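Note that this is a predicted model, so its numbers are computed, not measured. Proteins get letters first, then strands, A, B, ... in listed order; numbering begins at 1 in each.
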Amino acid sequence: MSAKAKAPRRIGFRITRLRIIALFLMMLGVFIMAEAGGMDGETITTLKLDSRTTGAASGVGDIAVPTAAYLLIVGALFILSGAFNLVEARATRWRRLSVVLISLCGILFIPTVIIAAAAGDETNLTTIIAESLRLATPLAIGAFAGIWCERAGVVNIAIEGMMLFAACFGFTALFFLRNTALPLETAQLLAVTIGVLAGGLIALLHGWLSITFRTDQIVSGTVINILAVGVTSFVRREYLLSTEAGAAKLANISIPILSDIPVLGDAIFTNQPIFFMMFVMLAFTHVVMFYTRWGLRTRAVGEHPHAADTLGINVNRTRWINVFVSGMIAGLAGAWFSLEATGSFNDGMTRGAGFIALAAMIFGKWTPLGAFGAALLFGFSESLGVRLQMVGVDFPVQFLQMVPYVVTLVVLAGFIGRASPPKAVGQPYVKE
Amino acid sequence: MPPAPPVLEARGITKRFPGVLANDNISLTLRKGQVLGLLGENGAGKSTLMNLIYGLYKPDEGEILVNGEPVEITGSKDAIELGIGMVHQHFQLVDVLTVTENVMLGNESTSGPFLRRDQARRRIVELSQEYGLNVDPDALISDLPVGVQQRVEIIKALYRDADILILDEPTAVLTPQETRGLFKIMGALLERGVSIIFISHKLKEILEICDAVVVLRRGAVAGHADPKDSTERSLASLMVGRDVILDVEKAAATPGDEILNVVNLHVLDDRGLPAVEGVSFGLHRGEILGVAGVQGNGQTELVEALAGLRAVADGRFFIKGDDMTGASPRTITEKGVGHVPEDRQQDGLVASFTVMHNLVLSTYYRDAFSKSIVVNDRAIAENARELVRQYDVRPPTINNLAGELSGGNQQKVIVAREFSRDTDLLIASQPTRGLDVGSIEFIHKQIIRMRDEGDGVLLVSSELDEVLSLADRVAVMFEGQIMDILPIELADKDTVGLLMAGIREQPQAEGTA
Ligand SMILES: Nc1ncnc2c1ncn2[C@@H]1O[C@H](COP(=O)(O)OP(=O)(O)O)[C@@H](O)[C@H]1O
Ligand SMILES: [Mg+2]
């Protein structure tokens with residue numbers, strides 16, 4: 001080797017992932033600048049941080065953004081960093097600069113969407129933050145459910161079905177319990193518990209099919225999803241439809257002291273219980289997975305079950321327990337729909353959230369923190385859509401709503417790298 | 001001096017898998033502080049027997065005694081409690097976890113539910129020092145070379161206070177120098193009273209370090225031997241059941257024109273990381289260029305690139321002077337290249353096709369075998385009957401499914417297909433891995449015949465002995481590069497071994513990668 005001169009022949013211009021992102025960033029940049037071009041130079045957008053409930057000023061003060069100038073600068077930045085990464089696609093020498101530029105684009109992206117959407121108007125950031133978080137709740141909790149299952153090596157595409165079951169049975173429970181002598185809070189607590197258990201119970205079906213009988217895990221999950229649609233709409237028609245099916249939503253809780261913090265207190269620390277459970281589950285999942293014996297075993301079983309077996313770990317037992325916990329967590333996410341968000345149950349009310357939760361889990365690379373971040377982004381997308389519809393922009397709402405997803409997809413696909421699932425996920429464990 | 005007391009005995013162990021009698025009434029005895037060699041060809045049943053002792057399988061018949069007491073081992077947990085540790089042939093390590101996490105797994109030190117990594121870590125450092133294992137407790141398994149991974153496996157056993165250690169083909173993945181290192185570690189273990197079962201099909205190693213040898217053949221004990229009065233030849237005939245020719249007979253090479261020229265080739269692996277990093281060499285008609293190297297140093301990717309199965313990231317290669325970089329496998333095949341792939345089950349055969357159809361996988365479209373869209377089964381059958389006879393495929397029926405044949409006969413089918421075509425260049429990757437001695441002999445003869453008929457042969461093998469006995473020149477790969485290309489006269493085991501470990505200087509100090 002040493003004797004031969006290194007002749008680094010480039011075979012033309014290679015299309016790398018980074019280059020695709022670069023092109024995409026440039027396109028976005030052009031788009032943003034075009035948006036600015038069609039705007040009056042005097043346009044001012046006001047970002048407020050008022051209380052979302054009372055509308056009272058928080059005392060933090062408003063931020064007035066000269067919109068056209070802002071968009072021009074950001075657009076230029078996007079184009080610049082796109083161009084840079086297009087040229088230096090190998091990103092070896094300038095790797096750090098490349099990272100900084102792309103991260104900057106990523107950070108600026110969401111504010112830019114907000115500002116572009118509200119151009120010339122006022123918009124209340126507190127509401128956007130609060131709504132994003134609120135709508136992220138079932139997605140994040142659902143993603144944690146997925147992590148519990150998949151980290152142990154069992155695919156769970158049945159989160160959607162488990163949520164729907166839980167939403168239905170939790171609400172049905174409340175429907176009957178509210179007419180008893182129980183105080184409302186107790187009835188609601190029981191209802192949530194029943195929803196959680198319903199999720200767990202359905203998960204046992206998943207375990208039974210996919211662990212005991214080694215049915216293909218995708219098939220087993222699909223069976224549950226289909227079953228959920230049928231069973232819950234049957235229950236609704238038979239038992240719930242007869243009366244005005246509405247019940248009190250879970251009441252807000254104010255965390256003492258914390259809820260007095262300006263802006264954040266209002267956006268976060270005064271909220272409904274399952275919302276708070278999202279943070280509890282985040283911490284719980286993270287700590288269990290990475291700091292406890294159970295988590296270590298779970299991860300081993302999901303990566304290399306045979307290795308775990310040689311160390312005396314009962315692979316299938318570990319999987320069973322994780323699947324059950326996963327179902328219960330999915331149940332909690334399901335209860336959010338009927339008991340926390342609406343106080344009612346409708347057919348198919350989970351609207352695919354279980355699948356978006358799975359996407360969040362994958363975006364988050366099967367880690368609780370990553371999944372939480374992804375869920376927040378999805379929650380933001382959703383809240384943005386809702387807002388835009390209310391404001392009534394002259395632009396297809398669906399398209400703007402899509403943008404954050406596309407951006408994440410592209411950034412994740414190219415920049416952060418391929419997400420690699422636990423290696424043994426989807427494979428039943430056979431001893432001999 | 002009375003013999004040391006037995007610490008582990010197996011009596012009359014029988015294990016059947018569907019269609020296979022893997023262990024047939026096997027008995028053996030391991031004595032305290034000794035090394036018991038378990039010798040046998042691939043498929044003889046060595047791993048099965050060890051998995052039974054370790055509790056991963058349940059025996060159909062027979063009993064196991066530890067320290068003279070009959071024991072019931074229903075899972076590896078029981079085995080671990082009895083002080084049995086096992087380093088599996090395929091390492092049982094979780095890639096994404098650290099050394100410490102792998103070692104403590106299943107035996108975690110905790111306070112409450114929380115892991116105490118620091119405690120495990122301290123113990124690993126102690127063990128590592130005591131036995132000279134030299135392992136970084138914080139490294140991720142996926143970052144470690146196989147030699148170190150093996151030492152992690154040994155630490156795993158010691159961490160559980162194993163005093164009976166089973167090493168299943170530990171040297172298969174090591175360079176000769178690393179093997180020396182392993183023997184040193186084994187010495188340290190023996191001194192501290194550990195007893196070892198050492199599995200290998202390499203005769204020299206067995207003779208060197210074992211105190212007693214049990215030879216397995218087709219699932220049964222073929223004989224016991226005392227290494228002190230055994231020879232390689234006597235062990236080999238016990239193992240195979242007849243006299244074998246250990247050396248390959250071949251005439252000197254008469255190289256002709258250059259047929260393959262590889263220039264600064266770069267290839268990525270499945271994860272997109274560089275696997276081949278600037279490889280250049282030439283190969284002539286009538287010679288065998290052997291590529292030696294520990295598995296996973298880019299050989300697989302190199303061969304796949306040359307066969308058109310993997311994209312070339314940079315550089316190019318020429319066959320008969322024509323640039324074939326980026327050409328399709330079909331184009332390369334048509335250029336006169338025969339390819340015996342590394343993974344015969346996966347890439348060499350279609351297991352659910354008959355032998356006769358497998359024999360035309362690379363030629364079925366030619367006029368001889370098909371007209372327009374209709375396949376001519378009669379011609380295919382005729383071709384198959386001839387090849388099965390010529391290449392001694394057993395059973396010699398052409399309508400068996402390829403998946404039903406033994407490994408050796410599957411390989412003969414592939415060799416028959418690739419060698420019977422009109423080729424000028426043969427690329428053979430691990431052509432005899434996992435085969436019985438008879439098949440190995442046969443395939444070696446065929447490779448030499450092809451060379452003598454004027455083909456250029458690129459022989460990639462991680463069995464150093466195979467490369468040294470067949471090749472006319474030896475290229476050594478390490479971390480995606482060719483360390484050196486030596487004429488066979490200069491390629492002795494030590495020189496090549498050092499190169500395999502990435503050491504290029506004159507061997508002054510002993511070192512392993
Ligand atoms: N899990 C299994 N299922 C079916 N057959 C098996 C299994 N494991 C091993 N065998 C068969 O048992 C025989 C002995 O295999 P093995 O013990 O791995 O041999 P060795 O370790 O000596 O190479 C082989 O024919 C192999 O195909
Ligand atoms: Mg074996």
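Between B/R117 and A/F290, the shortest heavy-atom contact is NH2-O, 3.0 Å.
Contact of A/I313 with chain B is made through the side chain alone, with heavy-atom distances under 4.5 Å. Contact of B/L105 with chain A is made through backbone and side chain together, with heavy-atom distances under 4.5 Å. Of the two parts of B/H90, neither the backbone nor the side chain holds a non-hydrogen atom closer than 4.5 Å to a non-hydrogen atom of chain A. Contacts between B/N51 and chain A at a heavy-atom distance below 4.5 Å are absent for every atom of the residue. Contacts between B/R116 and chain A at a heavy-atom distance below 4.5 Å are absent for every atom of the residue.
Side-chain atoms of A/T292 and B/E108, non-hydrogen and from C-beta on, never get closer than 4.5 Å to each other. The shortest side-chain heavy-atom distance between B/L56 and A/T310 falls under the 4.5 Å cut-off. Between B/F114 and A/V287 there is a side-chain heavy-atom pair separated by less than 4.5 Å.
The residue among A/N314, A/L296, A/D309, A/V288 with the most heavy atom pairs within less than 4.5 Å of chain B is A/L296.
A donor-acceptor pair is defined here as one N or O able to donate and one able to accept, closer than 3.5 Å; no such pair exists between the side chain of A/R293 and the backbone of B/T110.
Of the listed residues (B/V94, B/V96, B/I141, B/N102), just one forms a side chain to side chain contact (heavy atoms under 4.5 Å, CB included) with A/H304, and that residue is B/V94.
Atom OH of B/Y159 sits in a crowded spot, with more than 12 heavy atoms from other residues, nucleotides or ligands closer than 6.0 Å.
Residue-level contacts of residues 73-81 of chain B with chain A, in order of numbering, are B/S76, B/K77, B/I80; threshold 4.5 Å between heavy atoms.
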| request: Carefully, step by step, assess A/L311 and B/R160 under the rule side-chain contact (heavy atoms from CB on, under 4.5 Å). | output: CA-CA 10 Å; A/L311 295 172; B/R160 289 163 177 75; 3.6 Å; yes
